[in-house]
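What you see is a predicted model; the values in this text were computed from it and never measured. Residue numbering restarts at 1 for every chain, and letters A, B, ... go by the order of the sequence lines. What you see below is based on every heavy atom in this structure, not just the backbone, and it leaves out hydrogens, waters and symmetry mates.
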Number of protein chains: 2
Amino acid sequence: MKKLFANRVLNNDTSDLDEIFKNSANPENISFAGGFPDQHLFPDNDLKQAYRDAIEHDGQGIFQYSSTQGLLALRQKIADRMLTHADVQVSADNVMMTQGGQQAIDLVAKLLLNHGDAMVVEGPTYMGALAAFDTYEPTYYEIPVDDNGMNIRQLRKTLKAHPEIKLIYTIPDFHNPTGTTMSSKRRQALVSLANQYDVIILEDSPYRDLRYSGQNIPAIKHYDTEGRVIFISSFSKILSPALRTGWIVADDTIMHELIGLKSAIDVQSPNVTLAAINSYLDSHDIDEHIATISASYQIKRDAMLTALDQYFPQNVHYTRPNGGFFIWVTLPEGVDAKDLLNDVVLPQAHVAYVPAACQFASRKVKNGFRLNFTNLDTATITEGIERLGHILQPAPMIVPATSFAPQF
Amino acid sequence: MKKLFANRVLNNDTSDLDEIFKNSANPENISFAGGFPDQHLFPDNDLKQAYRDAIEHDGQGIFQYSSTQGLLALRQKIADRMLTHADVQVSADNVMMTQGGQQAIDLVAKLLLNHGDAMVVEGPTYMGALAAFDTYEPTYYEIPVDDNGMNIRQLRKTLKAHPEIKLIYTIPDFHNPTGTTMSSKRRQALVSLANQYDVIILEDSPYRDLRYSGQNIPAIKHYDTEGRVIFISSFSKILSPALRTGWIVADDTIMHELIGLKSAIDVQSPNVTLAAINSYLDSHDIDEHIATISASYQIKRDAMLTALDQYFPQNVHYTRPNGGFFIWVTLPEGVDAKDLLNDVVLPQAHVAYVPAACQFASRKVKNGFRLNFTNLDTATITEGIERLGHILQPAPMIVPATSFAPQF
């Protein structure tokens, strides 16, 4: 008997996620699990008009094959935006359009990772990134995240001990899943370490423009002196995820190979979609739209924090993000958030969250979970957190917090 | 110094293709190189309306995350179409939407191929498929194609000698690049061999509906008795390539893993596009549209064959396809079509084609080239073939055809 599937498929276990999203889809549950934007904020009429304008403007030509890198006019707008919104000076030649940020992650993994190659991920990190990396079968080194982002002291130790590390994956702005932001001091230290140890940094920043408090910090790419930072972002969180449109910013040598890889993966991104987004940006001020959704998300974040303050017990800790989509909850040590979800939270409180383990490459940390606050109204957020709080009140299934050390 | 790129990137040499498409884009040249549909046939107004209808019908919900497998209503229509157009009975659960046929090829390669795994490709074959497979670093076995498709006798020998072969990639209908179609007898023999040797067949059929003469033949998947045929196709050639929408049909076990892989690659295909295509199919008879474009492509094919009959010398052979996009030309042995292109055809005749070598996994066959007939008007086709014919007239650079054996 031949083995049907490649080894990488065995690494691609999405059963945890399948279950999470099944629970989310059940209308009986209040789900904080998904990372969905609020669909009531999508500018559907503006986008409808943008599709119409783009097709009328370009005619039949819009439906033909075009370039793998993607529509130049849109790449130019993104290059301009990289300067105004991320302090990164870049030409349109160094921007490529991708199928959401997810494809950008997959492309970089495909570009860099041989089987067994060493890479750094944050602990916890975006589970979709782990799913993408897993299929390239890397060796992970996990660096903890705190309120100021990745722990640089720990990173330095790890790079020193494992100089073969090729890639550091980080979500510096309103991190998924913790909501925390890397300080500018750490960004600079991170670039220095990457230079010293000859490492590529993959800076994944889909939430960057969704800041509800505090001051903007330049992107890690801003501090890049040797072309070793690859920056990726997307329209998913600021416009619509169903457009599946992200972008990747990289220096010439890397960009050249990324274009070749994308060409072999899906030829190019859909020109109709790119032209429609370009047309939307021509006719509308997307920063006004972002201000509108940010105002709404700020209210939701505040509602969730207020409910957490009110209903969660003292021995449960949570982050207070300045933007993005998520709050991270740390339970007392010894509590397995996944067991808690399946045994108590779902059946009794009918609330869903994403338990810690599947957000750690090591799968070893279990006493935490991710809460999304963008996709529910404030009353439902409060109701859900109240229900969850009742479950978490010190009780037999919660181990006493004697050995508790907060992760953030 | 660490090696920056993964080994697979070294296999992904697209420089030949880059050059080809640069030559195609030069307006001084008559290019038969690209595999482009005729953009004057794109139903731009109908598609504009389809986007509008879909967005108006679904409202803001159309812009939210949806399922990785893709819009159910569209998958149902494709399942129905598989029965009427390919004699394949399949449920919507066994259909997944992809970013064009190209992503479907990449997904299947990612699913099945470990580094060094053995697979069969046709010689010649679709160069984009080779680009996708190359990044998984397989061991290729090349089986020649003739007027009735893949040489099954040769395949049987190869499978017997290399029972480790896992995958056979074939383009049975109006093959890219030769235009030939696999006979039903060979399709049945192919499935028998796959059963006997425990091999998966990847049936790539983007041109299937574009038949200009002869009778339809059931898909290879029609003869599948053990769930080992994966069928892929796309809307690129029958509607528009800029929609980047294809599909993959596979049995349950394989489909389950393909969904997991796609989720890790790009989460899902753009729901707006899928809903627009679904809306187009609701409001229009796509088979009427296909009849319209087929009538036009038939005239172009005939114009090219007439010109080839008139202007090409006796020692140059070419296929007479019943459909699709391409005609394959076989030059006398010893002639290198790539050298001929760069040294004579481009500089003197200002005509472009795709030379043989990059369409063979072995890169060893050089005396042939691919001609596309769909993307030019008939006068330009005739003009280009006449110019090419003058170059090919027996002359010093053509080796006398003493040892000539036609490949088709």
inquiry  = Restricting to non-hydrogen atoms, name the atom on A:Gln268 and the atom on B:Arg244 that form the minimum distance, rounded to 0.1 Å.
reply    = O-NE, 3.3 Å

ask   = How long is the span from the CG atom in B:Asn45 to the CD1 atom in A:Ile55, to the nearest 0.5 Å?
value = 9.0 Å

query = Side chain, backbone, both or neither: which part of B:Ile259 has an atom under 4.5 Å from a heavy atom of chain A?
reply = neither

message = Less than 4.5 Å to any heavy atom of chain B: does that hold for the side chain of A:Ala109, its backbone, both, or neither?
response = backbone

request  = Could you tell me which portion of B:Asp53 (side chain, backbone, both or neither) has an atom closer than 4.5 angstrom to a non-hydrogen atom of chain A?
outcome  = neither

query = Counting distance only, does the side-chain N/O of B:Lys110 pair as donor-acceptor with the main-chain N or O of A:Thr135 below 3.5 Å?
reply = no

remark   = When the 4.5 angstrom heavy-atom criterion is applied to B:Ser66 and chain A, the contacting part is neither

task = Sort B:Asp44 into side chain, backbone, both or neither according to what part of it lies under 4.5 angstrom from a heavy atom of chain A.
result = both

task = Name the region of B:Ile165, side chain, backbone, both or neither, that has any atom closer than 4.5 Å to a heavy atom of chain A.
result = backbone

ask   = Between B:Lys262 and A:Asp106, is there a side-chain N and carboxylate O pair less than 4.0 Å apart?
value = no

query = Given that the side chain runs from C-beta out, which part of B:Ser269 has a heavy atom under 4.5 Å from chain A: side chain, backbone, both or neither?
reply = backbone

inquiry  = B:Lys48 vs A:Tyr51, test: side-chain contact (heavy atoms from CB on, under 4.5 Å). Steps then yes/no.
reply    = CA-CA 7 Å; B:Lys48 183 179 72 176; A:Tyr51 275 100; over 6 Å; no

remark   = Okay, B:Ile62 and chain A: the region with an atom under 4.5 Å from a heavy atom over there is backbone

query = How are the rings of B:Phe63 and A:Phe42 set to each other: parallel, tilted or perpendicular (split at 30° and 60°)?
reply = perpendicular

task = Name the region of A:Ile200, side chain, backbone, both or neither, that has any atom closer than 4.5 Å to a heavy atom of chain B.
result = side chain

